[in-house]
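Written out below as C-alpha cells is the structure these notes cover.
Since the structure is predicted, the reported quantities are computational estimates derived from the model, not experimental observations.
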Amino acid sequence: AAIGGNDGARGRVDTPVEEEEDQQSQVWKVTVQPNDQLCLALTFSPVELGEHYFEFPVKAAGGQGEVPDGLRRVVHAKALRPRLLFGTTTLDFKTKVVSSGMQSVASQLELSLQNADDYPLEWKIDD
C-alpha cells in the first residue's frame, strides 16, 4: 500500500526515512499539530483477487514498536476481476507544436478494448 498526502493538509510530511525491512516500501515521518488533521490518499495495488485485510501501516514516533490503540486501524479492500481490459495503459501522442494561423494535423492512436465480463458491457464516451 502506498500513502500520499493531500495538498490541503495542515500536517507536515517530512522526507522519507530509510526502511530496512522491505526494499519496496518507504517510511515517512509525519507531524500533525494538536487538533489538526492530515488527509491521506491510500493506494492499494492488489496482485490477487479477493478480499484483503491489513493493519494501516502507522507507528508512533519514538515508540517501542507497539502501535497505540488510538492509531490502530484495519484496512479492508476487495480486489475484483476487471470487466473491461485495455490493450495498453498509456497512449502517448508525443509532443505536438501548434502554431497560430496554421492548420493543425490530427494525431491518431489505436486502442483495443476487450470485454472480460460474462455479460455485454455498454458505456458512452463524453464529448
Side-chain angles (χ1 to χ4, degrees):
I3 302 171
N6 181 337
D7 290 340
R10 290 180 285 184
R12 188 179 82 233
V13 178
D14 297 324
T15 57
V17 177
E18 291 298 319
E19 174 76 7
E20 295 175 10
E21 297 172 9
D22 186 351
Q23 295 295 331
Q24 294 180 350
S25 69
Q26 287 184 320
V27 175
W28 296 82
K29 179 182 174 188
V30 178
T31 303
V32 182
Q33 297 301 321
N35 299 314
D36 273 354
Q37 66 180 0
L38 177 65
C39 298
L40 300 172
L42 177 64
T43 302
F44 177 61
S45 302
V47 293
E48 294 180 11
L49 296 177
E51 296 198 37
H52 302 269
Y53 294 88
F54 59 93
E55 191 169 314
F56 187 75
V58 64
K59 294 180 183 177
Q64 300 298 324
E66 277 297 313
V67 178
D69 287 337
L71 290 179
R72 252 180 226 284
R73 295 292 186 268
V74 174
V75 177
H76 171 221
K78 189 181 289 188
L80 304 174
R81 181 174 54 94
R83 298 178 67 200
L84 183 65
L85 300 175
F86 289 78
T88 182
T89 57
T90 305
L91 293 175
D92 187 358
F93 286 93
K94 307 284 187 224
T95 302
K96 301 294 178 193
V97 177
V98 179
S99 299
S100 60
M102 298 182 72
Q103 187 172 353
S104 62
V105 177
S107 296
Q108 294 182 349
L109 292 176
E110 232 177 76
L111 172 65
S112 64
L113 304 175
Q114 177 186 346
N115 180 357
D117 201 16
D118 298 330
Y119 302 98
L121 291 176
E122 292 184 23
W123 71 91
K124 66 179 182 177
I125 298 175
D126 296 337
D127 22 311

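Within a 6.0 Å radius of CD in Glu51, other residues, nucleotides and ligands contribute more than 12 heavy atoms. Within 6.0 Å of CZ in Phe93 there are more than 12 heavy atoms belonging to other residues, nucleotides or ligands.
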Exercise for review: Under the side-chain contact (heavy atoms from CB on, under 4.5 Å) rule, what do Leu85 and Leu113 come out as? Steps first, then yes or no, please.
Suggested key: CA-CA 6 Å; Leu85 300 175; Leu113 304 175; over 6 Å; no
Review point. Are Leu111 and Thr88 close enough, and set up right, to give a side-chain contact (heavy atoms from CB on, under 4.5 Å), and what steps lead you there?
Key: CA-CA 7 Å; Leu111 172 65; Thr88 182; 4.1 Å; yes
Practice item. Could you walk me through whether Leu38 and Val30 pass side-chain contact (heavy atoms from CB on, under 4.5 Å), step by step? Key: CA-CA 9 Å; Leu38 177 65; Val30 178; 3.0 Å; yes
Point to revise | Leu91 vs Phe86, side-chain contact (heavy atoms from CB on, under 4.5 Å): CA-CA, chis, key distance, verdict | key: CA-CA 11 Å; Leu91 293 175; Phe86 289 78; over 6 Å; no
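Between Leu71 and Val67, the shortest heavy-atom contact is CB-CG1, 3.8 Å. Taking all atoms of both residues into account, the shortest heavy-atom contact from His52 to Ala79 is NE2-CB, 3.9 Å.
Asp92 has a carboxylate O that lies under 4.0 Å from a charged side-chain N of Lys94, or vice versa, which qualifies the two as a salt bridge. Salt-bridge check for Arg73 with Glu55: failed, with every basic side-chain N at 4.0 Å or more from each acidic carboxylate O.
Atom NE2 of His76 sits about 9.5 Å away from atom CZ of Phe44, to the nearest 0.5 Å. In this structure, CZ in Arg83 is found 8.0 Å from CG in Asn115, a value given to the nearest 0.5 Å. Note that the CZ atom of Phe56 and the CG atom of Leu40 stand 5.5 Å from one another [nearest 0.5 Å].
The main-chain N or O of Ala116 is found under 3.5 Å from a side-chain atom of Arg81 such that the two form a donor-acceptor pair.
Linking Ile, Leu, Val, Met, Phe, Trp and Tyr whenever their side-chain heavy atoms come within less than 4.5 Å leaves Val75 and Leu49 in two separate clusters.
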